[in-house]
Protein chains: 2
Amino acid sequence: MGNATLRPPAKAAAAQRLIRAAGERLTAPRTAVLAVLLDAKRALTHHEIESALAPGVPVDRVTVYRVLDRLVTLGLAHRIPGEDRTWRYVASRDSSHGPHAHFTCSRCGKTVCLEAVATPPDVKVPRGFLPQKVELTVQGLCASCH
Amino acid sequence: MGNATLRPPAKAAAAQRLIRAAGERLTAPRTAVLAVLLDAKRALTHHEIESALAPGVPVDRVTVYRVLDRLVTLGLAHRIPGEDRTWRYVASRDSSHGPHAHFTCSRCGKTVCLEAVATPPDVKVPRGFLPQKVELTVQGLCASCH
DNA sequence: GTGCAGATGCAATTCGGTTGCGTCCCGCTC
DNA sequence: GAGCGGGACGCAACCGAATTGCATCTGCAC
Ligand SMILES: [Mn+2]
Ligand SMILES: [Mn+2]
Ligand SMILES: [Zn+2]
Ligand SMILES: [Zn+2]
């Protein structure tokens with residue numbers, strides 16, 4: 001009825017579909033958190049996710065952490081370690097495209113996926129070492145910070 | 001006179017030379033911390049550095065943090081962000097060789113420089129973004145963990 | 001509708017790192 | 001070799017992201 005609710009965004013339905021498809025129990029916190037991620041144009045911190053959630057159903061901080069962990073495990077999201085010691089989360093748009101680089105603005109912290117830049121799959125490691133995952137992060141200034 | 005002191009290691013003299021050469025005031029904490037780094041064969045956490053220091057002159061935790069910051073600023077050491085949200089520090093062996101990749105064991109946390117692997121200098125970023133530093137980290141299992 | 005494994009909420013805790021501030025001491029000057 | 005001044009140090013308090021323990025609740029298979 002024309003109410004002014006800004007959250008949850010239209011992505012809620014998509015979120016539900018993805019969670020179901022992953023064979024997970026469908027809960028309000030999961031739907032809400034994933035919807036926020038699907039709606040975002042950049043990587044979000046736990047804190048940013050929490051406040052994007054606030055107006056609707058309140059979700060406990062710890063639950064947000066646990067939901068995010070779960071989404072990452074399921075491959076529905078990935079998380080990026082930050083220079084500022086906080087994780088940032090992004091919905092994994094398309095499970096078909098591989099691991100990629102990320103850019104973080106050292107001034108405002110804004111973090112985005114560089115989907116065009118694949119991480120090198122062929123790094124040479126010392127004898128006996130078993131490489132599993134390659135992380136490629138670019139620090140610098142974003143468009144609005146320089 | 002033949003006492004069994006294990007610390008500071010023989011690298012103390014080298015540490016003093018480097019600190020002097022950087023135009024810095026020579027203090028016991030600085031010498032001790034840098035000597036530990038010069039003696040290490042892998043990247044060390046703040047905690048590891050602190051305990052490597054312990055038997056000799058006790059140095060305050062906070063001082064260790066400040067000394068490490070300073071060494072990094074001076075280019076005498078570099079630090080590596082970890083998946084476990086802790087920095088690891090390495091003496092910068094040779095100021096002449098550029099930025100390189102790192103390997104971190106996801107089981108034991110052991111971190112080493114992959115000096116042979118240079119970080120790609122040419123990453124393509126979105127319009128208006130200014131890249132400044134590229135971080136290339138390989139996660140996996142070290143020789144003694146798999 | 002019932003039962004239960006799994007999910008949530010809440011409070012307390014951990015832990016790497018930082019800040020404020022009074023005291024100390026390195027290295028320069030005379 | 002004393003005197004001095006600014007930087008370095010030690011100590012205690014603090015911060016914030018993330019984790020843990022546990023009681024309660026709930027999605028969903030039956
Ligand atoms: Mn990404
Ligand atoms: Mn290195
Ligand atoms: Zn920015
Ligand atoms: Zn290992």
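Naming convention: chains lettered A, B, ... in sequence-line order (proteins, then strands); numbering from 1 in each chain. Heavy atoms only: backbone and side chains are in, while hydrogens, waters and symmetry mates are out.
Here the P atom of nucleotide D:dG21 and the CG atom of A:D60 are 17 Å apart, to the nearest Å. Rounded to whole Å, the distance from CD on A:E83 to P on C:dG17 is 12 Å. Going from atom CG of A:L68 over to atom P of D:dA17 covers 14 Å, rounded to whole Å. Distance CZ (A:R79) to P (D:dA17): 15 Å, rounded to an integer number of Å. At whole-Å resolution of the value, OH in B:Y65 and C1' in D:dG10 are 16 Å apart. If you measure from atom CD of B:E50 to atom P of C:dC15, you get 14 Å, rounded to the nearest angstrom. The separation between A:R70 atom CZ and C:dA5 atom C1' is 12 Å, rounded to whole Å. One atom, CG of B:D84, and another, P of D:dT19, lie 11 Å apart when rounded to the nearest Å.
For the pair A:R30 and C:dA7, the criterion of a side-chain N or O lying under 4.0 Å from OP1 or OP2 is met. Of the side-chain N and O atoms in A:T63, one or more sit less than 4.0 angstrom from OP1 or OP2 of C:dG9. For A:T27 and C:dT8, the shortest distance from a side-chain N or O to OP1 or OP2 is below 4.0 Å.
Here the closest non-hydrogen pair linking A:Q132 and B:G140 is OE1-CA, 3.6 Å.
Residues A:E24 and B:P58 both approach DNA chain D. Their nearest nucleotides, taken by heavy-atom distance, put B:P58 toward the 5′ side. Nearest-nucleotide assignment on DNA chain D puts the 5′-proximal partner with B:V59, out of A:Y89 and B:V59. Summary of the strand contacts: B:D69 and A:R25 both lie near DNA chain C, and taking for each the nucleotide with the nearest heavy atom, the more 5' one is attributed to A:R25.
Closest contact between the side chain of A:V67 and the listed nucleotides C:dG16, D:dA12, C:dT8 involves C:dT8. Nearest nucleotide to the side chain of B:P29, out of C:dG17, C:dT8, D:dC9: D:dC9.
A:R66 comes within 4.0 angstrom of a base, heavy atoms only. Contact annotation for A:H46: backbone-only contact, meaning every heavy-atom pair under 4.0 Å involves sugar-phosphate atoms and none involves a base.
Cluster annotation: B:L130 is not connected to A:L136 through the hydrophobic network of ILVMFWY side chains, with a link wherever side-chain heavy atoms come within less than 4.5 Å.
Between the side chain of B:R61 and the base of C:dG17 there is at least one donor-acceptor pair of N/O atoms closer than 3.5 Å.
Ring to ring, A:H46 and A:Y65 are close: their centroids are under 6.0 angstrom apart.
When each of B:I80, B:T137, B:V90 is tested with B:T111 by the rule side-chain contact (heavy atoms from CB on, under 4.5 Å), just one qualifies, namely B:I80.
Salt-bridge check for B:R79 with A:E83: failed, with every basic side-chain N at 4.0 Å or more from each acidic carboxylate O.
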